[in-house]
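Reviewing the structure listed below.
In listed order, ligands and their atoms are each counted from 1. Just so you know, these numbers use all the heavy atoms, side chains as well, and skip hydrogens, waters and symmetry mates.
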Amino acid sequence: MPFTNPGGQLKVLIDERQLQQRVRELGQQISRDYQGKHLHLICILKGACIFLADLVRHLPLDISLDFMAVSSYANSLHTSGEVKIVKDLDSTIQGRDVMIVEDILDTGLTLDYLTRSLRTRGPKSLTICTLLSKPSRRIKEVQAAYVGFEIPDEFVVGYGLDFAERYRNLPAISVMIEDA
Ligand code: 5GP
């Protein structure tokens, strides 16, 4: 049964095959970089959950997981710039090799805030792995060690990313075109 979008149009930007291929490559790169170390992954809910689930299956490493939720768009197509921790980590990151796993790096406000906040907790190292990045939208410069795809300034849904909590289940990353 095809996925339907009664509220507008969806156009596939990155298909399932491209996603799986790139996630595998990221997994290989991360595995090389963290060989022999324990890696503590922090998944930023909810958007990164599907990316994380696929990524960890390409990490033949000693890993642990934690989850954090931050507020972002609140059902609007535009960022408010406000970042609030809605769900904090369950365990300490002090002295650990930590990687933030994020769905998309857009203006950079969220990850700039999060990295500054998490650094105060004393991790041994802190890196960012983001599936998507929109470099043209950047307000805060954020260094992501691992980037899946750079995409143009378009609102995307699918593979974990939502619009008003919908479309997270789409298997491909799709561009959402608002109805006029
Ligand atoms: P930033 O703080 O970098 O502007 O935005 C980060 C957050 O905004 C992401 O974690 C994501 O929740 C949301 N976001 C940014 N661009 C998009 C987009 O194109 N589609 C969706 N669904 N969310 C986005």
Side-chain angles (χ1 to χ4, degrees), residues 3-16 18-19 22-23 26 30 41-56 65-89 93 98-120 126-180:
F3 285 89
T4 52
N5 172 30
Q9 290 183 318
L10 291 172
K11 193 181 81 206
V12 171
L13 183 68
I14 307 167
D15 68 25
E16 272 179 272
Q18 291 170 297
L19 281 168
R22 187 67 187 125
V23 172
L26 287 173
I30 293 167
L41 297 147
I42 296 176
C43 174
I44 308 302
L45 297 171
K46 304 170 189 168
C49 66
I50 293 179
F51 174 41
L52 175 94
D54 281 347
L55 182 67
V56 292
L65 301 179
D66 206 344
F67 297 86
M68 196 171 205
V70 295
S71 65
S72 57
Y73 282 94
N75 299 355
S76 149
L77 283 182
H78 304 285
T79 183
S80 62
E82 262 177 56
V83 180
K84 199 172 110 206
I85 295 178
V86 178
K87 184 224 169 287
D88 207 342
L89 300 173
I93 58 167
V98 175
M99 180 179 291
I100 299 173
V101 179
E102 176 63 302
D103 53 2
I104 185 164
L105 177 51
D106 185 26
T107 63
L109 292 169
T110 307
L111 283 172
D112 177 67
Y113 173 85
L114 271 183
T115 47
R116 281 189 291 114
S117 161
L118 293 178
R119 275 205 189 95
T120 65
L126 182 64
T127 51
I128 294 169
C129 175
T130 183
L131 177 68
L132 305 172
S133 172
K134 290 184 198 169
S136 64
R137 292 258 308 157
R138 211 72 88 242
I139 293 171
K140 290 276 184 188
E141 216 35 66
V142 172
Q143 296 306 321
Y146 308 94
V147 178
F149 301 90
E150 290 198 343
I151 62 167
D153 179 12
E154 292 185 282
F155 194 85
V156 290
V157 294
Y159 197 68
L161 288 128
D162 76 312
F163 173 63
E165 293 301 327
R166 296 173 63 199
Y167 311 117
R168 294 192 196 276
N169 55 328
L170 294 179
I173 298 282
S174 301
V175 175
M176 208 175 128
I177 303 154
E178 277 179 282
D179 280 343

Just jot down the ligand 1 atoms closer than 4.0 angstrom to any heavy atom of [X], in number order.
X      : answer
Glu102 : 10 (O)
Thr110 : 1 (P), 2 (O), 5 (O), 6 (C)
Glu154 : 19 (O)
Asp103 : 9 (C), 10 (O), 11 (C), 12 (O)
Asp162 : 21 (C), 22 (N)

Within-shell test, Phe155 vs ligand 1, heavy atom, strictly < 4.0 Å: yes
Close approach of Gly108 to ligand 1, heavy atoms, under 4.0 angstrom: yes
Check: Val156 N/O within less than 3.5 Å of ligand 1 N/O: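 Yes, Val156 has an N/O under 3.5 Å of an N/O on ligand 1.
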Val83 contact mode with ligand 1 (heavy-atom cut-off under 4.0 Å):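 It is neither; nothing of Val83 touches ligand 1.
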Minimal non-hydrogen separation, Lys11 against Glu154, with atom names: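 Heavy atoms only, the tightest pair is NZ-OE2, 4.4 Å.
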For the student: nearest non-hydrogen atoms of Gly108 and Leu105, plus distance: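 Closest heavy-atom pair between Gly108 and Leu105: CA-CD1, 3.7 Å.
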Inter-residue atom distance Ser117.OG - Ile85.CD1, 0.5 Å rounding: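 Interatomic distance, Ser117 OG to Ile85 CD1, rounded to 0.5 Å: 4.0 Å.
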Side chains of residues 45-54: which donor-acceptor pairs under 3.5 Å do they make with residues two or more places apart or in other chains?
unit_1: Lys46; atom_1: NZ; unit_2: Glu165; atom_2: OE1; d: 3.2
unit_1: Lys46; atom_1: NZ; unit_2: Glu165; atom_2: OE2; d: 3.3
unit_1: Asp54; atom_1: OD1; unit_2: Arg57; atom_2: NH2; d: 3.0
unit_1: Asp54; atom_1: OD2; unit_2: Gln20; atom_2: NE2; d: 3.2
unit_1: Asp54; atom_1: OD2; unit_2: Tyr159; atom_2: OH; d: 2.6

Heavy-atom nearest option to atom 19 (O) of ligand 1, drawn from Arg166, Met176, Lys134: Lys134
Arg119: partners by side chain to side chain donor-acceptor pair (under 3.5 Å), with sequence neighbours left out: none
Side chains of Leu118 and Ile42 in contact at under 4.5 Å (non-hydrogen atoms):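 Leu118 reaches Ile42 side chain to side chain.
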Any Asp66 side-chain heavy atom under 4.5 Å of Ile93 side chain: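 SC-SC contact between Asp66 and Ile93 ruled out.
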